[in-house]
Peer 1: 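This structure is in structure tokens; I'll ask about it shortly.
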Amino acid sequence: MTSAERRSISGWLEASARITERGDALPALREARLQSVTALSEQGLPTRRQESWKYTSLAEIAKIEWSAPADPGEDVLSLPSTPLSRQAGLKAGLVDGQFVSDAESSDGAGARFESMAKVRTSESVHVNDLEVLGQVADPKLHFFTALNTALVRDGVCLEIDRDAQITSPLHLSITDSKSEALSCPRLAVRARAGSRSTLVIEHLTPGDGPRLSAFVSEVIVEPQAELDLVLVQRGGAESFLASNLYAQQEQHGQLRVHTLTLGGRLVRNEVVSVLSGQGAAVDLRGLFIGSDERHIDHQTTIDHAVSHCTSRELYKGVLGDSSRGVFCGRIIVRPDAQKTDSQQSNPNLLLGERAEINTQPQLEIYADDVRCSHGSTIGRLDPEALFYLRSRAIGPEAARAMLTRGFAQEIVDSIPQHVDRTEIETLIVEALAAATSRDSS
Amino acid sequence: MLEIKNLHANAGDEPILRGIDLEIAAGEVHAVMGPNGSGKSTLSNILAGRPGYSVTDGEVLYSGQDLTQIEPEDRAREGIFLAFQYPVEIPGVSNNYFLKASVNAVRAHRGEPELDAMEFLTLSQEKMKIVDMPTDLMNRSINEGFSGGEKKRNEVLQMLLLEPKLSILDETDSGLDIDALRVVAQGVNSLRSPERAMLVITHYQRLLDYIVPDHVHVLSGGRIVRSGGKELALELEEKGYGWIEETNA
């Protein structure tokens with residue numbers, strides 16, 4: 001560890017100790033906080049000597065003295081309006097760690113957002129009763145989860161009622177507006193049995209200056225429930241965003257995660273999905289777009305713990321300039337997980353001469369009657385297709401933009417219909433324009 | 001409209017065309033026939049500006065301009081259209097979006113206002129009827145999963161939308177059954193006019209029953225070895241390409 005790294009870690013440990021001393025607003029995390037503090041002090045910042053950090057360096061992070069998350073304020077903040085929130089139904093937000101809800105819609109039909117730190121009242125379900133927080137994530141395994149768990153002050157819990165069929169998307173905005181501040185947003189979701197819903201999460205870093213955000217989500221999908229999560233990462237050019245998502249799926253529970261990484265200096269996304277009930281299905285889809293010297297790293301683990309589960313993964317990368325991408329997809333098929341059906345795919349489009357992608361499947365199969373496939377491709381725009389478009393009067397720049405957008409379209413098409421796809425496409429087109437602007441290949 | 005003089009051209013590093021002379025005036029339909037490897041595709045690719053094909057000698061003038069100095073998109077804007085032998089499949093880009101962008105690029109070049117979505121819909125529906133194309137093909141990705149016949153119809157649809165001055169049809173008949181051939185030919189014929197010219201490149205005479213040419217040229221070994229009227233195509237059909245090769249030996 002360098003002295004800068006040591007200083008960062010010790011500052012965070014002290015801040016965590018102060019939370020515990022003053023009476024923790026999140027008693028559900030008591031045990032996990034202790035484990036996190038131990039993990040942080042023993043392991044420090046990950047280094048590239050660790051297998052899962054081989055291609056991603058956090059050295060840049062240690063150069064900044066990040067302020068620890070502050071006590072949630074007393075001010076009543078208003079919910080930020082974002083392009084995707086306007087058409088949403090029920091809404092909530094985390095603004096610099098403080099829970100914000102839209103009074104008019106915070107308790108809608110079939111679902112509710114609550115503050116984690118809120119004192120239990122007789123009417124509402126408290127986060128402790130959801131049995132999600134601190135139950136699904138493992139701080140010992142992932143640095144950013146340990147960091148979040150040591151320092152989180154408030155978060156959002158979302159409960160979707162049994163058999164609720166929610167057609168308007170639920171919307172959570174995460175806003176990190178303070179320069180040189182560490183933010184630890186936290187989300188706990190329980191999709192009750194038989195429910196169907198879509199949650200859109202937008203992560204934004206408005207204004208200039210560096211941000212560090214360690215976002216942790218814990219999700220339980222109960223039997224026969226279906227949940228679509230759409231995570232839109234729109235970090236600024238100096239922001240370091242981490243998103244660690246832990247999901248547990250019970251019998252015939254279905255989870256689809258659509259991760260759109262459209263900004264950020266360094267983005268590290270980890271997904272751990274445990275298929276713990278027979279017939280459960282998970283579908284992870286990602287589109288990541290890099291420009292300049294941005295770095296985007298996806299690490300996924302799908303754990304087929306029982307038989308007859310299905311997993312699908314499709315991550316598409318578009319990398320311009322000198323941007324770098326990493327994809328590591330780990331699939332574990334436990335001895336009892338017969339009849340597992342798993343597919344993984346990671347096609348990448350390299351637009352920049354110096355752009356790079358490191359892609360790697362990791363299959364650990366301990367059952368014999370399974371179907372598992374994986375594949376990755378790395379390519380440039382097809383010259384035949386470019387010529388075809390040009391021969392139809394479309395100029396080379398427009399033709400490249402059209403082909404690049406076509407490459408991304410498959411991910412957009414899989415986003416649930418009732419999410420405002422036009423807005424999503426606008427955001428994607430902006431990100432693609434940045435990735436293709438300095439390219440001439 | 002088009003003057004090709006002593007054209008020598010390579011496909012990659014390989015010399016294919018060895019001195020072609022051909023003049024096409026407005027209102028004329030020319031057919032170029034020839035056996036495999038005679039240089040038919042190289043000729044069409046040179047005219048459309050496909051990367052990988054280069055002129056090593058001679059010249060190609062289009063409306064008096066040196067065509068070889070013009071970028072492919074500018075050739076299209078100036079009214080040159082190549083119907084591809086193998087239309088490219090482009091996943092994720094809808095046919096509708098592509099064709100509207102294409103039509104508007106040409107309109108912008110001509111100084112005409114761009115068509116909005118409704119105007120384009122009206123226009124495209126009208127043209128699709130001519131080639132008997134199902135409307136759902138407009139909402140699918142460009143040529144993706146299209147049958148051979150649907151791809152060729154899509155090429156002719158593009159031709160009808162862009163209304164080119166010079167159309168080059170590269171083996172448009174390949175892979176078509178007789179009904180599709182008739183429909184495709186009907187589309188092409190609907191564009192014939194005293195202002196437009198066409199160059200129909202084909203291996204077989206069959207297409208020329210439907211698109212009747214004014215002039216027929218036979219290409220062999222990278223040269224035009226014989227020119228004549230439409231009856232030359234029939235003679236070729238009867239006697240085979242061996243006849244041409246023998247008489248030129």
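Since the structure is predicted, the reported quantities are computational estimates derived from the model, not experimental observations. Letters go in sequence order (proteins before strands), and every chain restarts at 1.
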Peer 1: Indicate the atoms forming the closest heavy-atom contact of A/F387 with B/P51, along with that distance.
Peer 2: CD1-CD, 3.6 Å
Peer 1: How about CZ on A/R86, more than 12 heavy atoms from neighbouring residues, nucleotides or ligands closer than 6.0 Å, or not?
Peer 2: yes
Peer 1: With a 4.5 angstrom heavy-atom cut-off, could you sort out which part of A/E410 is near chain B: side chain, backbone, both or neither?
Peer 2: neither
Peer 1: Supply the atom-to-atom distance B/S94 OG to A/Q409 CD, rounded to the nearest 0.5 angstrom.
Peer 2: 8.5 Å
Peer 1: Please enumerate all residues that pass ring pair (Phe, Tyr, Trp, His ring centres under 6.0 Å) together with B/F81, with sequence neighbours excluded.
Peer 2: none
Peer 1: Keeping to residues at least two apart or across chains, list the salt bridge (charged side-chain N to carboxylate O under 4.0 Å, His left out) pairs with something in residues 411-432 of chain A.
Peer 2: A/R405-A/E425
Peer 1: Of all the heavy-atom pairs spanning A/A393 and B/A105, show the shortest one and how long it is.
Peer 2: O-CB, 3.2 Å
Peer 1: Look at the aromatic rings of A/Y388 and B/F84 and report parallel, tilted or perpendicular, splitting at 30° and 60°.
Peer 2: perpendicular
Peer 1: Counting only non-hydrogen atoms closer than 4.5 Å, does A/P396 touch chain B with its backbone (N, CA, C, O), its side chain (CB onward), both, or neither?
Peer 2: both
Peer 1: For A/H171, enumerate each residue passing the ring pair (Phe, Tyr, Trp, His ring centres under 6.0 Å) test, keeping only those at least two apart in sequence or located in another chain.
Peer 2: none
Peer 1: More than 12 heavy atoms of other residues, nucleotides or ligands under 6.0 Å from CZ of B/R110: is that the case?
Peer 2: yes
Peer 1: Can you name the one residue among B/V93, B/I142, B/V88 that meets side chain to side chain contact (heavy atoms under 4.5 Å, CB included) with A/L389?
Peer 2: B/I142
Peer 1: Can you tell me if B/E119 has over 12 outside heavy atoms packed within less than 6.0 Å of its CD?
Peer 2: yes
Peer 1: With a cut-off of 6.0 Å (strictly less than), are more than 12 heavy atoms of other residues, nucleotides or ligands near CZ of A/R196?
Peer 2: no
Peer 1: Is B/E155 in contact with chain A via its backbone, its side chain, both, or neither, using a 4.5 Å heavy-atom distance?
Peer 2: side chain
Peer 1: Counting neighbours of CG on B/D136 that are heavy atoms of other residues, nucleotides or ligands and sit closer than 6.0 Å, is the number greater than 12?
Peer 2: yes
Peer 1: With a 4.5 Å cut-off on side-chain heavy atoms, are B/Y86 and A/E384 touching?
Peer 2: no
Peer 1: What part of B/P87 lies closer than 4.5 angstrom to a heavy atom of chain A: side chain, backbone, both or neither?
Peer 2: both
Peer 1: Please report the C-alpha distance between A/S391 and B/L82 in whole Å, then the side-chain angles of each, then the deciding distance to 0.1 Å, and finally whether the side chain to side chain contact (heavy atoms under 4.5 Å, CB included) criterion is met.
Peer 2: CA-CA 7 Å; A/S391 78; B/L82 169 66; 5.6 Å; no
Peer 1: Of all the residues in residues 65-80 of chain B, which have a heavy atom that comes within less than 4.5 Å of a heavy atom in chain A?
Peer 2: B/E71, B/P72, B/E73, B/A76, B/R77
